[in-house]
Q: 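So that we are looking at the same thing, I have put the structure below in structure tokens.
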Amino acid sequence: MTNIIKVLLVDDQSLIRQGLKALLELEQDLEIVGEAENGEIAIHLIKELYPDVVLLDIRMPIMDGVAATQEIQKHFPKIKVLVLTTFDDDEYVKAALQNGAMGYLLKDTPSEELAVAIRAVNKGYTQLGPGIIKKLFTQFSSVTPTQLPSPPLSLTELTPREKEVLRLIATGASNREIAQQLYISEGTVKNHVTNILNRLDLRDRTQAAIFANSFLLYLNDPN
């Protein structure tokens with residue numbers, strides 16, 4: 001029996017919600033359990049419907065997607081948030097992810113890919129649209145070493161292999177891709193990722209990627 005993933009659509013444009021609902025309801029394992037036109041309404045509906053995944057627009061009146069994500073993660077930490085927007089905006093991307101969103105896709109993402117992303121996010125995987133990681137962290141390429149903060153002690157205590165894994169996480173590489181590049185097993189990669197998250201006190205791979213790019217020069221330093 002197929003496990004049904006309950007999805008709440010949150011967008012201030014009714015036509016967008018209708019279009020998404022029509023496309024996603026073609027998927028047998030996805031059920032649209034409700035719709036909301038802003039984050040405030042979404043929070044109230046979540047209390048009633050308790051969806052698995054919230055498909056959330058960023059720019060909305062009353063309560064935007066960033067604030068809504070923060071509230072959802074504060075009060076309903078088990079519910080996954082996938083941000084979907086027309087705005088390819090680095091600051092909004094970073095803010096949404098830092099507040100607990102599990103993924104960020106543009107609204108022109110094909111429906112098949114969106115469905116795949118919803119399933120992945122529901123399982124706890126991070127989903128970022130093509131090029132978004134690169135855009136999100138371009139700001140770090142122009143930062144000089146004198147501007148960089150000192151690395152925390154926990155970072156300096158990572159093993160050389162853990163640093164390699166963390167650098168690859170920052171590029172958006174999956175466990176399988178990391179395993180292939182480092183010629184190790186996926187199981188070993190998973191162990192390294194778990195150790196990295198625990199040692200750096202990070203929640204997930206998205207936070208690890210953001211953290212890694214903050215200290216990329218240190219991670220690239222062989223010493």
Side-chain angles (χ1 to χ4, degrees), residues 1-39 41-42 45-46 49 51-60 64-66 68-69 72-73 79-138 168-178 180-181 186 204-206 209-210:
M1 182 177 179
T2 303
N3 291 325
I4 302 299
I5 301 172
K6 298 185 294 182
V7 180
L8 175 65
L9 299 179
V10 187
D11 194 296
D12 62 329
Q13 298 182 51
S14 61
L15 286 177
I16 296 292
R17 296 198 306 271
Q18 291 171 16
L20 288 172
K21 182 177 181 180
L23 290 172
L24 294 177
E25 284 189 335
L26 296 175
E27 305 291 331
Q28 294 184 351
D29 60 336
L30 302 182
E31 178 186 1
I32 308 304
V33 294
E35 302 177 32
E37 61 188 42
N38 61 59
I41 295 174
L45 286 178
I46 287 172
L49 304 172
D52 300 302
V53 177
V54 178
L55 197 57
L56 185 66
D57 189 18
I58 276 288
R59 299 194 182 187
M60 298 178 292
D64 66 19
V66 174
T69 298
I72 292 169
Q73 289 305 300
I79 293 178
K80 310 299 192 302
V81 174
L82 179 60
V83 174
L84 190 65
T85 180
T86 56
F87 297 98
D88 194 2
D89 189 315
D90 296 354
E91 288 304 312
Y92 274 96
V93 174
K94 183 167 66 174
L97 295 176
Q98 288 178 333
N99 279 286
M102 293 293 293
Y104 187 104
L105 297 174
L106 299 179
K107 286 183 180 177
D108 59 2
T109 300
S111 59
E112 296 84 359
E113 293 181 20
L114 179 56
V116 170
I118 291 172
R119 296 183 187 106
V121 164
N122 183 58
K123 292 180 179 179
Y125 296 106
T126 300
Q127 290 291 302
L128 299 178
I132 284 180
I133 284 185
K134 183 177 180 180
K135 282 180 173 292
L136 184 57
F137 301 125
T138 49
L168 291 172
I169 288 175
T171 69
S174 66
N175 285 353
R176 177 174 296 181
E177 292 167 336
I178 293 173
Q180 291 173 345
Q181 291 190 52
E186 282 190 63
D204 53 34
R205 294 173 75 98
T206 300
I210 293 172

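Note that the structure is predicted; figures quoted are calculated from it, not measured. Computation of the quantities below employed the complete heavy-atom set of this structure, encompassing side-chain atoms and omitting hydrogens, waters and symmetry-equivalent molecules.
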Q: Between CD of Q73 and NZ of K80, what distance do you get to the nearest 0.5 Å?
A: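 Q73 CD to K80 NZ: 8.5 Å, rounded to 0.5 Å.
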Q: Specify the closest pair of heavy atoms between G39 and A68, including all atoms of both residues, with the distance to one decimal.
A: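 Scanning both residues, the minimum pair turns out to be CA-CB, 3.8 Å.
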Q: Would you compute the distance between atom CD of Q13 and atom CD of E37 and round it to the nearest 0.5 angstrom?
A: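 Q13 CD to E37 CD: 11.5 Å, rounded to 0.5 Å.
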Q: Do I32 and L55 touch side chain to side chain, with heavy atoms closer than 4.5 Å?
A: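 The answer is no, as the side chains (C-beta and beyond) never meet within the 4.5 Å cut-off.
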Q: State the NZ-CE distance between K123 and M102, to the nearest 0.5 angstrom.
A: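 If I round to the nearest 0.5 Å, the distance is 13.0 Å.
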Q: Would you name the heavy atoms of T69 and G100 that are closest together and state the gap between them?
A: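 T69 and G100 have their closest heavy atoms at CG2-C, 4.0 Å.
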Q: Under a 4.5 Å cut-off applied to non-hydrogen side-chain atoms, are Q18 and L15 in contact?
A: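 Of all side-chain heavy-atom pairs linking L15 with Q18, at least one is under 4.5 Å.
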Q: Given side chains that start at C-beta, do those of E27 and L114 come closer than 4.5 Å, heavy atoms only?
A: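 Counting from C-beta outward, E27 and L114 never come under 4.5 Å.
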Q: Which pair of heavy atoms, one from L30 and one from A115, lies closest together, and at what distance?
A: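 It is CD1-CB, 4.1 Å.
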Q: Just by modelled atom types, is the P110 backbone N or O under 3.5 Å from a matching donor or acceptor in the E113 side chain?
A: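 Absent.
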Q: Does the side chain of D64 reach to within under 4.5 Å of the side chain of I58, using non-hydrogen atoms?
A: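 Sidechains of I58 and D64: no contact.
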Q: Identify the two heavy atoms, one from K6 and one from L49, that lie closest to each other, and give their separation to 0.1 Å.
A: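 Heavy atoms only, the tightest pair is NZ-O, 3.6 Å.
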Q: Only one of V53, L24, V33 forms a side-chain contact (heavy atoms from CB on, under 4.5 Å) with I5, so which one is it?
A: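 Only match with I5 under side-chain contact (heavy atoms from CB on, under 4.5 Å): V53.
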Q: Using the salt bridge (Lys or Arg N to Asp or Glu O under 4.0 Å) criterion, which residues pair with R17? Sequence neighbours excluded.
A: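 Checked R17 against salt bridge (Lys or Arg N to Asp or Glu O under 4.0 Å); matches are E35.
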Q: Identify the two heavy atoms, one from I79 and one from P51, that lie closest to each other, and give their separation to 0.1 Å.
A: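 Taking every non-hydrogen atom into account, CG1-O, 3.4 Å.
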Q: Run through L56, D57, I118, L20 and flag the one making a side-chain contact (heavy atoms from CB on, under 4.5 Å) with L84.
A: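 Only one of L56, D57, I118, L20 forms a side-chain contact (heavy atoms from CB on, under 4.5 Å) with L84, namely L20.
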Q: Between atom CG of L9 and atom NZ of K21, what is the distance when rounded to the nearest 0.5 Å?
A: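 It is 8.0 Å, given to the nearest 0.5 Å.
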Q: Does some side-chain heavy atom of D12 sit less than 4.5 Å from a side-chain heavy atom of N38?
A: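 No, too far: nothing below the 4.5 Å cut-off.
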Q: Would you indicate whether the side-chain heavy atoms of V83 and V81 approach each other to under 4.5 Å?
A: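 Yes; the side chains approach each other to less than 4.5 Å.
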Q: What is the distance from atom CG of L45 to atom CG of L8, rounded to the nearest 0.5 Å?
A: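 Separation between the atoms: 6.0 Å.
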Q: Please name the pair of heavy atoms, one in A36 and one in I41, separated by the smallest distance, quoted to 0.1 Å.
A: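 Here A36 and I41 meet closest at CB-CG2, 3.7 Å.
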